[in-house]
Amino acid sequence: MNSRKNIFNLKILEKFKGALAFSAVGDALGWQTEFIRYPRELKKRFGKEYIDDYHSWEKIVGGKFWGYKEIIKEGEYSDDTQLTLSVYRCIDESGNFNPNKFAYFELPLWLQYERGGGKTVKTSAKQLITKEWMNNFYTTKELSYRNAGSNGAAMRVLPIALVNINNNKRLYRDTFINSIITHGHPRAILGAIIYASAINFLLKENKISKKTFLEYLYEVINNFSKSFKGDNLIQKWVREWDKEPLDGMTFKEVFKKTRAEAIEYLRKLEGKIGDKEYYKLTGALSEDYKSSGISTVSVAIYLFLKYIDNPKKAILKAVNMLGSDTDTISAFVGGLFGAYYGLSAVPEGFLSKLQDKEYILRVATDLYNVAIGKPIEKKEFSSKPFYREAYEKIIAWENQLSEMFRNGLKEGDKIFHPALGQGIIKGNRVQPLKRKDYQVKIIEVEFECRQSCVFHFRVSKNGKLSENLAKDMKKMLSKLEF
């Protein structure tokens with residue numbers, strides 16, 4: 001389980017770039033088929049029954065009265081890559097993940113530009129505006145934090161996996177901490193640990209066998225939690241979790257059951273099994289389990305191992321396995337191949353048309369530099385408690401928005417976003433909503449950092465934002481000191 005030393009070279013840098021870029025490519029390709037179940041639906045949307053490239057397409061965002069049409073351009077990615085980039089911005093110069101920055105700053109701000117965001121992460125992000133992340137044990141009509149075992153934690157963990165190429169102990173801890181900010185079930189946590197560990201292993205290997213890869217993952221699954229012994233933060237969270245056992249089971253009991261589930265799925269990879277058969281075995285085609293952190297990571301590992309010599313075939317298999325969580329599984333598959341082969345694994349043509357290609361490659365270089373101990377420029381928060389400065393920045397941002405809405409936004413205007421910095425408005429349109437006196441304003445912004453975002457705000461005719469982060473944050477600032 002010990003990491004190797006002195007492994008860094010230009011080939012490793014290419015692997016960092018390959019993992020992040022191919023993951024984003026998989027996300028963009030798989031997002032096109034995410035909610036499609038039958039080839040005839042593909043035919044209706046794209047004019048073909050098999051997706052092998054990017055397309056422009058439309059999706060409806062929101063419900064009956066809040067819904068509006070959004071245009072997705074060729075090569076644009078979804079929340080999987082957005083949150084991956086958010087996690088990157090929460091890693092400091094020493095490679096440590098900052099959970100406060102992610103929970104109180106990146107996640108609330110992400111709600112305003114999220115694309116395809118899952119219900120669990122969006123619910124958690126909203127809850128975190130009024131709760132401490134260590135105590136975000138929410139229960140709503142539809143969701144329970146302790147039962148949140150989807151892949152939203154694994155899908156954003158790639159920066160942590162990369163920067164900790166030589167630090168397994170921090171890899172496990174930061175992956176665990178990052179996971180529990182939004183997900184409380186061991187399926188989500190263990191799925192993230194398995195995926196991050198698989199990336200870590202492939203970065204350091206040039207030639208693998210199925211046997212050695214699986215043996216490594218078994219060892220991780222069985223032993224990683226030993227590194228948490230004496231970790232007061234994690235033990236405190238587990239004690240809080242155990243105050244309301246899940247179906248009568250403590251966290252440790254549920255974790256033990258989940259560990260057995262993960263090992264069972266990986267054991268099946270030792271023999272021969274068909275693609276669809278393996279998806280069904282893991283529940284990746286079931287409505288109840290298709291987004292499970294364990295199931296989706298397992299099928300990604302399956303596709304990687306089966307088609308190890310043909311990255312393009314593997315990614316397109318994931319994209320076209322209709323009825324599964326295609327964007328996240330495809331992102332996992334891309335991340336695995338990129339970590340193993342480097343940037344050369346990305347099929348020709350996919351990288352050139354990928355949204356924010358330059359930024360994604362720069363992020364990979366930044367993470368590599370942090371991993372080797374080379375200084376990088378990071379703008380960190382200065383004051384304590386952290387949430388106060390974060391909330392004040394978000395409140396100032398919303399005040400700026402309100403002023404811009406009153407004066408009218410136009411293309412070419414400059415804005416300053418608290419997380420993304422200086423940006424220029426590249427598109428600005430308004431769509432009516434069925435809800436009386438409300439409309440949606442959609443603002444396309446390209447930031448100097450090279451990330452582009454589509455912000456969506458439901459606004460009343462008098463300029464009032466329907467989802468006002470500042471209102472709840474002002475209440476928090478007056479009440480809480482956590």
Side-chain angles (χ1 to χ4, degrees), residues 18 21-60 69-81 115-116 118 151 155 269 272-287 289-292 295-338 340-341 343-355 357:
F22 205 0
S23 173
V25 165
D27 177 20
L29 287 168
W31 193 20
Q32 300 173 120
T33 57
E34 184 180 11
F35 294 107
I36 293 178
R37 295 191 60 84
Y38 304 104
R40 65 175 179 272
E41 296 176 58
L42 275 185
K43 183 80 171 176
K44 183 177 180 181
R45 179 183 287 183
F46 300 112
K48 57 199 309 185
E49 294 185 354
Y50 188 85
I51 296 298
D52 57 4
D53 203 350
Y54 302 126
H55 300 269
S56 294
W57 54 288
E58 294 179 353
K59 70 189 296 282
I60 301 298
K69 186 182 295 184
E70 184 174 13
I71 299 169
I72 314 300
K73 299 172 186 174
E74 287 185 55
E76 291 190 337
Y77 54 72
S78 78
D79 60 308
D80 295 45
T81 304
R115 304 190 92 185
N151 52 35
M155 76 183 190
L269 298 181
K272 290 186 177 180
I273 188 170
D275 298 355
K276 201 158 192 176
E277 183 184 357
Y278 188 74
Y279 268 74
K280 288 181 177 178
L281 171 76
T282 62
L285 290 174
S286 160
E287 280 301 314
Y289 291 99
K290 75 174 188 176
S291 295
S292 155
S295 298
T296 50
V297 169
S298 295
V299 296
I301 292 170
Y302 163 83
L303 291 170
F304 170 76
L305 288 172
K306 181 170 181 179
Y307 301 104
I308 193 166
D309 296 322
N310 195 336
K312 184 174 183 179
K313 186 173 184 179
I315 205 84
L316 294 181
K317 284 279 185 178
V319 168
N320 288 281
M321 188 62 75
L322 303 183
S324 69
D325 195 350
T326 51
D327 62 335
T328 302
I329 294 171
S330 300
F332 290 157
V333 171
L336 294 170
F337 274 104
Y340 188 46
Y341 288 115
L343 201 54
S344 63
V346 184
E348 187 177 351
F350 288 158
L351 184 59
S352 61
K353 293 184 285 186
L354 175 66
Q355 176 190 351
K357 175 191 71 173

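Values below: every heavy atom of this structure, side chains too, minus hydrogens, waters and symmetry copies. Remember, predicted model here, so these are calculated numbers, not experimental data.
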Using a distance-only test with no angle check, is there a side-chain donor-acceptor pair under 3.5 angstrom linking [X] and [Y]?
X: Thr296; Y: Asp325; result: no
X: Tyr77; Y: Asp327; result: no
X: Thr33; Y: Thr326; result: yes

Is the distance from the ring center of Tyr340 to that of Phe304 below 6.0 Å? yes
Would you say the ring centers of Tyr54 and Phe350 fall short of 6.0 Å from each other? yes
Is [X] salt-bridged to [Y], going by a charged N under 4.0 Å from an acidic O?
X: Arg37; Y: Glu287; value: yes
X: Lys43; Y: Glu49; value: no
X: Lys312; Y: Glu348; value: no
X: Asp52; Y: Lys48; value: yes

Heavy-atom distance under 4.5 Å between the side chains of [X] and [Y], does that happen here?
X: Ile315; Y: Phe337; result: no
X: Leu269; Y: Tyr278; result: yes
X: Arg45; Y: Glu41; result: no
X: Leu322; Y: Pro39; result: yes

Just verifying a value: how many Å separate [X] [atom1] and [Y] [atom2], rounded to the nearest 0.5 Å?
X: Leu29; Y: His55; atom1: CG; atom2: NE2; result: 9.0 Å
X: Ile329; Y: Ser295; atom1: CD1; atom2: OG; result: 8.5 Å
X: Glu74; Y: Glu76; atom1: CD; atom2: CD; result: 10.0 Å
X: Lys317; Y: Lys276; atom1: NZ; atom2: NZ; result: 11.0 Å
X: Lys313; Y: Ile308; atom1: NZ; atom2: CD1; result: 14.5 Å
X: Ser78; Y: Met155; atom1: OG; atom2: CE; result: 7.0 Å

Using ring pair (Phe, Tyr, Trp, His ring centres under 6.0 Å) as the criterion, list what pairs up with Tyr307, not counting sequence neighbours. none
Crowded around Tyr50 OH? As in, over 12 foreign heavy atoms under 6.0 Å? yes
Return the minimal non-hydrogen interatomic distance between [X] and [Y], and the atom names on each side.
X: Gly30; Y: Ser330; value: CA-OG, 4.1 Å
X: Leu351; Y: Ala21; value: CD1-CB, 3.9 Å
X: Arg115; Y: Ile71; value: NH2-O, 3.3 Å
X: Gly323; Y: Leu285; value: C-CD2, 3.9 Å
X: Phe22; Y: Gly334; value: CB-O, 3.2 Å
X: Tyr302; Y: Ile273; value: OH-O, 2.9 Å

Contacts of Lys59 that satisfy side-chain contact (heavy atoms from CB on, under 4.5 Å) - sequence neighbours left out: Trp31, Trp57, Val61, Glu70, Ile72
Applying side chain to side chain contact (heavy atoms under 4.5 Å, CB included) to Phe46 and Ile36, what does each step give before you reach the verdict? CA-CA 11 Å; Phe46 300 112; Ile36 293 178; 4.2 Å; yes
One pair to check against side chain to side chain contact (heavy atoms under 4.5 Å, CB included): Ser23 and Phe332. What are the steps and the verdict? CA-CA 6 Å; Ser23 173; Phe332 290 157; over 6 Å; no
Quick one: list whatever passes side chain to side chain donor-acceptor pair (under 3.5 Å) with Lys353, sequence neighbours left out. Asp53
Pair Asp80, Thr328 - check side chain to side chain donor-acceptor pair (under 3.5 Å), show working. CA-CA 7 Å; Asp80 295 45; Thr328 302; 2.6 Å; yes
Please check: side-chain N/O of Asn320 versus main-chain N/O of Leu316, any donor-acceptor pairing under 3.5 Å? yes
